[in-house]
K.L.:
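One structure coming up, written as structure tokens, with questions to follow.
Chain letters run A, B, ... following the sequence lines, proteins first, then strands; residues in each count from 1.
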2 protein chains.
Amino acid sequence: MTQINRAAIVGGSHGNELTGVYLVKKFQQYPNLVNRSTFETLVLLGNPKAIEKGRRYIDKDLNRCFTHQGLQNSLLSSYEDIRAKEIQQLLHPRNQPFVDVIIDLHSTTANMGLSLLLSNMHPLLLQLAAHLSSINPLVKVYFHQQLRGSGFLRSMCELGFVIEVGAVPQGVLDAELFRQTEQLVYAVLDYFERHNQGKISQKNSTLTLYQYTGVIDYPRNERGEIEAMIHPQLQFRDYEPLNPGEPLFLTFEGKDVFYDGVSTVYPIFINEAAYYEKGIAMHLTQKQLIHDY
Amino acid sequence: MTQINRAAIVGGSHGNELTGVYLVKKFQQYPNLVNRSTFETLVLLGNPKAIEKGRRYIDKDLNRCFTHQGLQNSLLSSYEDIRAKEIQQLLHPRNQPFVDVIIDLHSTTANMGLSLLLSNMHPLLLQLAAHLSSINPLVKVYFHQQLRGSGFLRSMCELGFVIEVGAVPQGVLDAELFRQTEQLVYAVLDYFERHNQGKISQKNSTLTLYQYTGVIDYPRNERGEIEAMIHPQLQFRDYEPLNPGEPLFLTFEGKDVFYDGVSTVYPIFINEAAYYEKGIAMHLTQKQLIHDY
């Protein structure tokens with residue numbers, strides 16, 4: 001059985017995602033809230049300089065900097081490349097193993113409720129996800145495989161994952177979402193505590209998983225400028241089915257653009273502010289029911 | 001009678017308020033949409049460099065740079081101080097009078113629907129506001145006196161005002177709000193056209209105005225960090241009455257903070273992202289019915 005000895009909670013990897021920033025500040029002020037008897041919890045702010053500026057990042061997206069090459073390249077001089085190395089050292093101090101768990105707190109302008117973003121199919125992560133979604137219907141589980149060293153903080157350890165909450169604007173605190181996220185963090189920690197104590201008796205046997213299949217960009221002109229917006233009929237409908245022929249975008253001239261795929265998909269990250277510059281209007285997923293993991 | 005000869009539509013004075021940015025780009029591509037037979041319409045992007053970066057501003061808030069001192073001080077070197085002078089010249093070319101109308105397009109994370117922000121009580125502005133709010137119940141009218149040279153772009157001419165739309169996150173296009181804002185701009189231009197043609201026969205005699213009375217900041221600790229969030233019961237309730245004793249904030253520890261004023265107020269700009277750094281959790285207004293203006 002995997003024993004959890006140390007967990008890390010990271011908030012503010014993106015400096016304008018305030019839910020995680022202020023939850024981490026609260027946990028730093030009241031460590032008892034996140035300490036558990038069978039494991040240590042390390043709490044840290046991901047990108048202090050970006051938090052101070054109220055921006056996603058200073059030079060580049062910190063949550064794409066945890067690559068093998070980047071972490072080993074001492075020549076990289078951007079703020080986030082340097083900060084990624086610092087975080088790696090905090091998570092993996094000399095003479096200690098790497099933390100066992102990373103809980104990376106993010107928020108999104110998409111209507112994703114309380115989403116768990118998993119990068120691998122570790123049985124304990126799936127059990128945790130099944131448990132959390134069984135106790136709270138707002139919890140959704142998104143699977144997008146990311147190998148260790150792929151650049152994402154959560155990919156740095158097997159039991160790394162993101163809690164992605166929304167819809168909330170960048171630079172804004174939503175009290176209700178703050179409270180729900182806080183409760184979800186406690187539920188995660190309590191689950192690991194009971195796991196360590198051998199008290200997880202009844203396991204959930206089915207889990208609904210939204211599996212990544214690709215991304216869609218906005219229609220763009222030859223200069224790369226967007227020519228359309230998320231269609232009003234699709235806006236805020238993350239995790240709902242999108243069928244071939246249904247509206248996807250509305251051009252600035254008022255013309256509908258329809259989804260021309262061949263099968264039903266479940267879009268998420270619909271209209272995430274930070275993804276305009278990444279060329280992503282939404283992620284597409286397939287809905288799957290998985291058993292006996 | 002005031003004749004309108006030239007109007008200016010400005011979008012993207014704040015680079016992450018995309019509704020105005022993309023409306024202006026559309027109007028630049030299709031000038032016929034905003035041209036009218038009796039007046040010229042100048043269309044321009046306020047802060048191109050901030051738009052490119054997807055940020056509110058580069059060095060400082062452009063919409064506080066239109067001060068008498070700033071515009072006359074050739075030593076100021078911030079990007080926005082320089083850009084304010086450029087905009088002034090575009091609005092006031094040599095050998096021509098200043099534009100007669102400024103329509104400054106903004107968006108907010110607060111739930112302000114389609115708000116008109118007026119800085120003075122010019123009878124034509126009040127007539128326009130009464131007309132617009134009579135044809136669309138989403139239109140609300142906010143009055144906050146700003147003298148010419150106070151720093152705000154809209155204060156640069158008597159018939160200057162802001163169209164402030166929300167709730168929409170920074171860096172996000174909401175197609176429905178885009179369409180509503182576009183229709184509102186056309187209704188404004190059509191009104192001035194009919195005004196110039198002497199075709200405004202029936203005048204509205206009453207207008208509901210929300211008059212600025214002050215601002216409230218978030219509770220903060222001695223280091224200036226916020227200690228509370230907008231209360232869930234107040235979130236999104238812009239323009240609704242807030243009575244003494246009703247909840248205003250929720251602290252990170254979960255304690256309610258109540259409004260301790262002596263009379264009912266109507267908060268707006270509730271939880272506007274850009275105002276955290278300005279020390280503003282909301283603006284307070286009084287609701288007034290005005291007649292015979």
Side-chain angles (χ1 to χ4, degrees), chain A residues 16 18-19 21-23 25-27 29-30 33 51-56 107-110 166-180 182 218 221 223 225-236 247 249-254 256 270-277 281, chain B residues 16 18-19 21-23 25-27 29-30 33 51-56 107-110 166-180 182 218 221 223 225-236 247 249-254 256 270-277 281:
Chain A
N16 55 12
L18 301 192
T19 312
V21 171
Y22 285 92
L23 271 176
K25 287 187 179 188
K26 178 172 182 176
F27 299 152
Q29 194 179 352
Y30 305 103
L33 293 172
I51 292 166
E52 196 192 314
K53 296 266 185 190
R55 305 218 304 255
R56 183 175 176 88
S107 65
T108 172
T109 61
V168 61
Q170 296 177 340
V172 161
L173 276 165
D174 180 288
E176 189 55 30
L177 211 49
F178 180 91
R179 195 190 58 77
Q180 291 170 349
E182 183 180 5
Y218 295 92
N221 66 18
R223 290 190 301 280
E225 295 169 330
I226 64 172
E227 291 186 310
M229 305 168 276
I230 296 295
H231 198 283
Q233 288 181 42
L234 184 60
Q235 179 68 34
F236 297 125
F249 298 110
L250 183 67
T251 72
F252 294 122
E253 285 80 23
D256 293 333
I270 299 170
N271 214 347
E272 160 54 32
Y275 287 179
Y276 279 66
E277 69 175 18
Chain B
N16 54 11
L18 300 193
T19 311
V21 171
Y22 285 92
L23 272 176
K25 287 187 180 189
K26 178 173 182 175
F27 298 153
Q29 194 178 352
Y30 304 103
L33 293 172
I51 293 167
E52 196 192 313
K53 297 266 185 191
R55 303 214 310 251
R56 183 174 175 90
S107 66
T108 172
T109 60
V168 62
Q170 296 177 339
V172 162
L173 276 165
D174 180 288
E176 189 55 30
L177 211 50
F178 180 91
R179 195 191 59 76
Q180 290 170 350
E182 184 180 4
Y218 295 91
N221 65 20
R223 290 189 302 281
E225 296 169 328
I226 62 172
E227 291 185 311
M229 305 168 277
I230 297 294
H231 198 282
Q233 288 181 41
L234 184 59
Q235 179 68 33
F236 297 126
F249 298 110
L250 182 68
T251 72
F252 294 121
E253 286 82 20
D256 293 333
I270 298 170
N271 213 347
E272 159 55 34
Y275 287 178
Y276 280 66
E277 70 175 16

K.L.:
Could you check which of A/L23, A/L250, A/L33, A/I226 has the highest count of heavy-atom pairs closer than 4.5 Å to chain B?
P.N.:
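Among A/L23, A/L250, A/L33, A/I226, the one with the most close pairs to chain B is A/I226.
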
K.L.:
With side chains defined as the heavy atoms from C-beta onward, is the minimum distance between B/M229 and A/R179 less than 4.5 Å?
P.N.:
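With C-beta onward as the side chain, the pair stays apart.
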
K.L.:
Return the set of residues passing side-chain hydrogen bond (donor to acceptor under 3.5 Å, both in side chains) with A/E277 (not counting sequence neighbours), or none when no residue passes.
P.N.:
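A/E277: side-chain hydrogen bond (donor to acceptor under 3.5 Å, both in side chains) contacts with A/Y57.
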
K.L.:
Parallel, tilted or perpendicular for A/F252 and B/F178, by the 30°/60° rule?
P.N.:
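Because their plane-to-plane angle lies in the 30° to 60° range, the rings of A/F252 and B/F178 count as tilted.
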
K.L.:
Considering residues, nucleotides and ligands other than A/E253, do more than 12 of their heavy atoms fall under 6.0 Å from its CD?
P.N.:
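Atom CD in A/E253 is crowded, with more than 12 foreign heavy atoms closer than 6.0 Å.
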
K.L.:
Heavy-atom pairs under 4.5 Å with chain B - which of A/H231, A/R56, A/E225, A/R55 has more of them than the others?
P.N.:
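Heavy-atom pair counts peak at A/R55.
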
K.L.:
With a 4.5 Å heavy-atom cut-off, do B/L18 and A/Y276 have their side chains touching?
P.N.:
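Yes, at least one pair of side-chain atoms sits under 4.5 Å.
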
K.L.:
Can you confirm whether more than 12 heavy atoms, excluding those of B/K26, are under 6.0 Å from its NZ atom?
P.N.:
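Yes, NZ of B/K26 has more than 12 neighbouring heavy atoms, counting only those of other groups under 6.0 Å.
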
K.L.:
Please table the atom pairs, donor to acceptor, closer than 3.5 Å between any side-chain atom in residues 166-175 of chain A and protein atoms at least two apart or in another chain.
P.N.:
residue : atom : partner : partner atom : Å
A/Q170  : OE1  : A/N16   : ND2          : 3.4
A/D174  : OD1  : A/E176  : N            : 3.1
A/D174  : OD1  : A/L177  : N            : 2.9

K.L.:
In terms of heavy-atom proximity below 4.5 Å to chain A, should B/Y30 be classed as side chain, backbone, both, or neither?
P.N.:
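For B/Y30, side-chain heavy atoms alone lie under 4.5 Å from chain A.
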
